[in-house]
Amino acid sequence: MDKLSLINKFESTYGKSSDEALRFFFAPGRVNLIGDHIDYNGGTVLPVAISLGITAVVRKRADSKVRLSSTDLATQVIIDMDKAMEYDERAGWGNYPMGVINFLKATNIELVGVDILYHSTLPIGAGLSSSACIEVLTGYLMMTIANIEVDRLALALLCQEVENKFIGVQCGIMDQFAVAMGKQGAAMYLDCNNLACEYVPFNTGEYKLLIMNTNTPRELADSEYNTRKEECLKALEIINKTRPITHLCEASFDEINRLIADPTIKSRAKHVVWENQFVMEAKEELEDGDLKAFGDCMDASHLSLAHDYEVSSDELDLLVDTIRAVDQCLGARMTGAGFGGCAIALVHKDILKEVKEYVKGRYEHATNIEPSFYECEVVDGVKELFFEK
Ligand code: GLA
């Protein structure tokens, strides 16, 4: 949607005003190139912020209400910031912004009432961090409108807390960090243990990052995610009886093999330690410009996520296996939490069109579901948009 259509939609939802009263904000989604399910284990991850994201049109109100609506969802959510805010099933997606506003208020930040219209180009609930995107976007715009300087890292941490305590998903910091701290053209080599971040140029030369959406629901994602986290904590507990470590990523394969008897817990721990090594290797390959070796790391990571961590799905495996059979595809893997959602692949730019058709045909034939494909740029984190007059 262009600026004019957004203004029209805003005004038909909330009423007319002068154009000067409207402000625009954008937050990107994220793709994790490699390093899944290790952010909550003290590991290092490699996400990029992507040009698919959510735009918000915002206008100040004279009271302390916040109205939320979206260009493609029917529900409108109204929040009264003077009253207690509690998670409300009926509010659906509105719980994410509500949680952020609630937690910002709890830090004694003086917010002002606003009307917000969200417009998303990011597929919702597809593993590209739509929830972190709307959280960080809302926090950023609420603070900016109230003339409060935003500390991006603090905002990312607050949004993670919202997810953990308000929404109830025990996620790590990767998504909120990527949405808040992304840099154009760069991957974030983020140490989730101390939040040190090195920006690595994401130069893929003749190759393009292709995102493939299984378009399958991710119903199990939240509950299974929390189970995986518990399993990792169990593994950590077992190893801690022999050697005190803070995070599972610090464990050695020898310790895992020797100390953990339960085969499921052992497999989970193995994935965590492997995956952390793949990330370090992949980062070096990217810096050296060895995209083939980078692709090999992606492949290895997918296998570990599928077999040891068991967070892939038949549809994700099908997309990954199908595209891997194509010449000039250097690597492919699921990305994010899994259980459906999206996979990514590194594909030569000259064959993108044919590859999409080929994968679509195979995938549709096997599943009766049409997949979606996205190509996008690597962009900056959340920001206010300014347009030329
Ligand atoms: C979700 C979580 C992240 C991370 C990924 C898996 O996106 O929000 O914190 O754990 O899954 O890597």
Side-chain angles (χ1 to χ4, degrees), residues 27-50 52-53 96 99-100 122-136 153 156-182 187-193 195 197 211 213-214 218-233 247-249 268 271-279 282 297-298 301-302 304-306 308-313 316 333-344:
R30 71 95 189 87
V31 155
N32 189 23
L33 298 173
I34 190 159
D36 275 310
H37 289 278
I38 56 170
D39 61 345
Y40 53 85
N41 284 306
T44 302
V45 294
L46 197 64
V48 291
I50 56 173
L52 298 174
Y96 295 100
V100 173
L122 194 62
I124 304 299
L128 302 181
S129 286
S130 49
S131 54
C133 180
I134 196 169
E135 287 160 4
V136 172
L153 181 57
L157 287 163
L158 180 132
C159 292
Q160 182 198 10
E161 209 183 328
V162 168
E163 192 86 38
N164 294 166
K165 299 189 179 151
F166 195 80
I167 305 294
V169 179
Q170 300 310 313
C171 69
I173 186 62
M174 172 171 73
D175 302 348
Q176 290 79 7
F177 188 99
V179 175
M181 307 284 289
M188 289 159 266
Y189 184 61
L190 170 67
D191 181 337
C192 300
N193 185 23
L195 299 184
C197 176
I211 305 172
N213 191 345
T214 57
R218 297 174 63 243
E219 276 139 18
L220 277 178
D222 291 356
S223 62
E224 286 290 326
Y225 187 97
N226 289 347
T227 308
R228 292 299 177 283
K229 184 161 180 193
E230 279 162 28
E231 288 165 344
C232 289
L233 285 174
H247 297 290
L248 190 53
C249 278
R268 306 298 189 242
H271 162 73
V272 167
V273 175
W274 272 126
E275 183 81 351
N276 201 35
Q277 296 193 358
F278 296 149
V279 178
C297 295
M298 292 172 79
S301 161
H302 182 78
S304 177
L305 284 159
D308 280 336
Y309 217 65
E310 294 182 286
V311 291
S312 187
S313 66
L316 279 168
R333 65 187 291 278
M334 53 156 277
T335 184
F339 306 102
C342 289
I344 52 173

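Each ligand, and each atom within it, is numbered from 1 in the order the structure gives.
Residue R268 is tested with E230, E275, E224, E310 for a salt bridge (Lys or Arg N to Asp or Glu O under 4.0 Å); the sole match is E310.
The side-chain heavy atoms of C192 and V45, taken from C-beta on, include a pair separated by under 4.5 Å. Between V100 and F166, every side-chain heavy-atom pair lies at or beyond the 4.5 Å cut-off.
Taking every heavy atom of both residues into account, V311 and A337 meet most closely at CB-O, 3.6 Å.
Sequence neighbours left out, not one pair with a member in residues 124-135 passes salt bridge (charged side-chain N to carboxylate O under 4.0 Å, His left out).
For ligand 1, the protein residues within 4.0 angstrom (heavy atoms only) are R30, D36, H37, D39, Y40, C171, G172, M174, D175, Y225, G336, A337.
Between H37 and H271, the ring-plane angle classifies as perpendicular under the 30° and 60° cut-offs.
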